[in-house]
Amino acid sequence: MWVIKKINNNVAMGKDSRNREVVLFGKGIGYGGNTLLLSLLDEIDEEIWNLTFRIVDRGKVVLNTNLKSSFTFVLADHLNFAVERIKKGLVISNPLQYDIEHLYEKEMELAEWAISLIDKKIRIKLPHAEAANIALHFAEAAEVASQMENKNDIEWVIEDVTKIVEESLGLKLDRKEFNYSRFVTHVQYLIQREN
């Protein structure tokens, strides 16, 4: 896979290994030198990509979360590696499998569905332990998404509180001053304490 035309920093036109034109999406893909991402696109079979997109889409619904776009690449890479291991006769166990099954029930159901889909579509039967690995990927990605949402929520609350203080006192707070930084720290503490 190679880039033939930069559209913007996050979109580019490219050609795949079969010389077909494709549109490439990804943070920073329009920058030169993003060879790791491009090599990943080239290494992974198209059917694995299609399955990954379906699995991630279902994951967003089942887990009711917005997963980062980079998660699709992480999961595709993981699934590709898992399929390659099975083709070579390598089976890896997961010592945390039973813990994951009990801690992340929704994620496990999603992962078991994913394994079933993979078996149905490409006739590769991944072991049950692999469901735990997939579930853990989803659990971690959902946690990252949740932290990002919380961070954005906290930033909005801080901005709203700042505006209320400014309007109530009839002044403009200098957001670059040390005192404002202390004020923000106290507001963050209050928000965390209430949650």
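Position 1 is the first residue of the sequence; numbering continues from there.
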A.B. asks: Could you tell me the separation between the CD1 atom of I44 and the NE2 atom of H78, rounded to the nearest 0.5 Å?
C.D. replies: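 So the gap between those two atoms works out to 11.5 Å.
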
A.B. asks: Would L75 and I115 show up in the same hydrophobic cluster when neighbours are defined by side-chain heavy atoms closer than 4.5 Å?
C.D. replies: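 Both belong to a single hydrophobic cluster.
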
A.B. asks: Evaluate the ring planes of F73 and W49, with Trp represented by its six-membered ring, and classify them as parallel (under 30°), tilted (30 to 60°) or perpendicular (over 60°).
C.D. replies: perpendicular

A.B. asks: State yes or no: do F53 and L51 share one hydrophobic cluster built from I, L, V, M, F, W and Y residues joined by side-chain heavy-atom distances below 4.5 Å, directly or via other members?
C.D. replies: yes

A.B. asks: Could you measure the distance from the CG atom of L79 to the CG atom of D45? Nearest 0.5 Å is fine.
C.D. replies: 12.0 Å

A.B. asks: Is R175 salt-bridged to E159, going by a charged N under 4.0 Å from an acidic O?
C.D. replies: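 A salt bridge is present here (some side-chain N lies under 4.0 Å from a carboxylate O).
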
A.B. asks: How long is the gap from CD on E47 to CD1 on I122, to the nearest 0.5 Å?
C.D. replies: 7.0 Å

A.B. asks: Any side-chain heavy atom of E107 sitting closer than 4.5 Å to one from L136?
C.D. replies: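 Counting from C-beta outward, E107 and L136 never come under 4.5 Å.
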
A.B. asks: Under 4.5 Å between any side-chain heavy atoms of K176 and Y180, yes or no?
C.D. replies: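 No; the side chains remain at least 4.5 Å from each other.
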
A.B. asks: Taking the six-membered ring for Trp, are Y104 and F138 ring centroids under 6.0 Å apart?
C.D. replies: no

A.B. asks: Between W113 and V62, is there a side-chain heavy-atom distance shorter than 4.5 Å?
C.D. replies: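 No. Closest side-chain heavy atoms not under 4.5 Å.
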
A.B. asks: If we ignore angles and hydrogens, is there a donor and acceptor under 3.5 Å between the side chains of H102 and Q97?
C.D. replies: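 Checked: H102/Q97 side chains show no N/O donor-acceptor pair below 3.5 Å.
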
A.B. asks: Can you tell if the side chain of P127 reaches within under 4.5 Å of the side chain of I92, non-hydrogen atoms only?
C.D. replies: no

A.B. asks: Just wondering, do L117 and R54 contact through their side chains at under 4.5 Å, heavy atoms?
C.D. replies: yes

A.B. asks: Is there side-chain contact between M108 and E112, with heavy atoms separated by less than 4.5 Å?
C.D. replies: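 A side-chain contact under 4.5 Å exists here.
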
A.B. asks: Looking at CG of L63 and CZ of R58, how far apart are the two atoms once the value is rounded to the nearest 0.5 Å?
C.D. replies: 10.5 Å

